[in-house]
Colleague: 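Below are the structure tokens for one structure; questions will follow.
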Amino acid sequence: MTVWLLGDQLYPEADVLESADRVLFVEAREVGDRKPYHPQKLTYLFSAMRHARDDLRDQGYEVEYVESDTFGEGLDEYFAAEPGDDLVMQRPPSHGVPERFRELVTARGGSLSFVPDGRFVTTPAEWDEWADENGGSEGDDANPSYRQEDWYRHVRRQTGVLMDDGDPVGGEWNYDDQNRETPPDDWTPPSRATFEADAITREVAEEVAERYGDHWGAQEPPDGFDWPVTREQALAALDHFVEHRLGAFGPYQDAMVEGEWALSHSLLSPAVNLGLLHPMEAVEAAEAAYEAGDAPLNSVEGFIRQLIGWREFMRHAYREAMPGLAEANQLGQERDLPPAYWDGDTDMTCLSEAVGHVHDRGYAHHIERLMVLANFALVYGADPQELNDWFHLGFLDAYHWVTTPNVVGMGTFASDVVSSKPYASSGSYVNRMSDYCASCPYAVSRTTGEGACPFNALYWDFLAEHEETLRGTGRMGLMYSHLDDKDDDELAAIRERANEVRELAASGEL
């Protein structure tokens, strides 16, 4: 049996490998031609593939590694040597990919069958059974909607993670109320795991720079490419996080600090989404740290929820909502993404910092993604699919199945499949969770007039513009009660300032 492994299916203990006679990789350069993907994302992908190739060979597998311009050309080369071969692949989670690869294989005289993707904790069948009983409670048969908290509790019960005789450890399902602190001024983030680029990574980086030199994003991070590209490095990164960073992760996970891109975040999502780490390995390591008294429950639970709560939930909600989710735009937002998302050239400290993190490192943490990058695009009125493309090409851990439910379904509320309300806010949220406003030339205390925080007028204007759709939406009543307190003159001034902000942002002068 020949197992075809894609570049994001690198978990070496996948069940499908147990009976493999041969392993096939196709490193197709067309992957980097489809979008102007961040150079570090491409370096990470191709380097991890080549390292996985060598690791599997060291384990005794026969590995065919084909480098080509396209997948079709790579398969031409493979089937010329192995005519009529039967290939097996873990079913890719991104919509349409399995069908595309099957067509490519069958057109060349081979066959391609699929087995479950071993990079996840739960299966589509488990989701379908749960959704039949719990899904669509706030939607309808044609447009069901699902709630992550319900699914998260279900997975906790099924796996037994952080459970005590049927009840959540500590008596609560989540500890978000303990995870919204901002670090003191003298706080320094704990060290992060870094890895020196070896000959393979350096070679890949040179090839990426030559072929994709015009792509958006820095060719390498400011301190050099230091992401884990092997299974061994990914496990070491997990150990380092649990020992040195997990304790501070919880209270500061929603914080934003000027000049700090990593804070106490695990930085493991790129490795998990490539398959260098299995999510349950990270879950079990964090749970063990709590049981040993080495990490507090609020930090451990918050980290575990990201893996078996959000990651699993988004994967299944994406499958359920596609293909419509890829075109969803229930608010009818169609403005072009502002130039600041590409050049970072804005006086708004929060937006400049977040875009800079993505440009320089292909990474920004979850609150920067949701409450700065997506929030600004939402209240500005940007096309949600254009923002989705930006996230997809810019982040190391981004794939279509990852970004689409997070950006389209949650960040821009273009669909209500995963969220009952838009995650829109004024500048007050950024001020509460960061130190950005202290150095920003825009005044977070002001809504209208020159120099007022752009978030403020955009937020209230967004609520007014979409009142018919949003006023009755879950958890929006309080916000609309505040909007109701504003008289006609104040609303007119807000609209004037919001239009001015949009003009400045569109022209790259914000």
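These numbers come from the heavy atoms of this one structure, side chains and all, not from hydrogens, waters or symmetry mates.
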Colleague: Going by atom types only, do Gln253 and His265 share a side-chain donor-acceptor pair under 3.5 Å?
Modeller: no

Colleague: Between the main-chain N or O of Leu510 and the side-chain N or O of Thr346, is there a donor-acceptor pair closer than 3.5 Å?
Modeller: yes

Colleague: Passes salt bridge (charged side-chain N to carboxylate O under 4.0 Å, His left out), Arg335 versus Glu386? Steps please.
Modeller: CA-CA 9 Å; Arg335 293 183 177 92; Glu386 186 177 346; over 6 Å; no

Colleague: Is Arg53 positioned over the aromatic face of Phe25, cation under 6.0 angstrom from the ring centre and no more than 45 degrees off axis?
Modeller: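 The answer is no; the distance or angle limit is not met.
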
Colleague: So, does Tyr44 use its side chain to make a donor-acceptor pair with the main chain of Pro228 at under 3.5 Å?
Modeller: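 Yes, Tyr44 side chain to Pro228 backbone: donor-acceptor pair under 3.5 Å.
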
Colleague: On the six-membered ring of Tyr78, is Arg108 placed so that its NZ or CZ lies under 6.0 angstrom from the centre and within 45° of the ring axis?
Modeller: no

Colleague: Verify, without hydrogens or angle tests, whether Glu103 (side chain) and Arg100 (backbone) share a donor-acceptor contact under 3.5 angstrom.
Modeller: no

Colleague: Do side-chain atoms of Arg245 reach the backbone of Leu263 as a donor and acceptor pair under 3.5 angstrom?
Modeller: yes

Colleague: Would you check if there is a donor-acceptor pair between the side chains of Thr194 and Asp226 at a distance under 3.5 Å?
Modeller: no

Colleague: Roughly how far apart are Glu207 CD and Leu42 CG, rounded to 0.5 Å?
Modeller: 11.5 Å

Colleague: For residues Asn406 and His366, is any side-chain donor paired with an opposing acceptor at under 3.5 Å?
Modeller: no

Colleague: Whether the Thr122 and Glu312 side chains hold a donor-acceptor pair (N or O, under 3.5 Å, no angle test) is what I'd like checked.
Modeller: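 Yes, because at least one side-chain N or O of Thr122 sits under 3.5 Å from a partner of the opposite role on Glu312.
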
Colleague: Within 45 degrees of the axis of the six-membered ring of Phe391 and under 6.0 Å from its centre: does Lys41 put its NZ or CZ there?
Modeller: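 Because its charged atom misses either the 6.0 Å distance or the 45° angle limit, Lys41 does not stack over Phe391.
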
Colleague: Ignoring hydrogens and angles, state whether a donor on the side chain of Tyr152 or Arg156 is under 3.5 Å from an acceptor on the partner side chain.
Modeller: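 Result is yes, a qualifying pair exists.
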
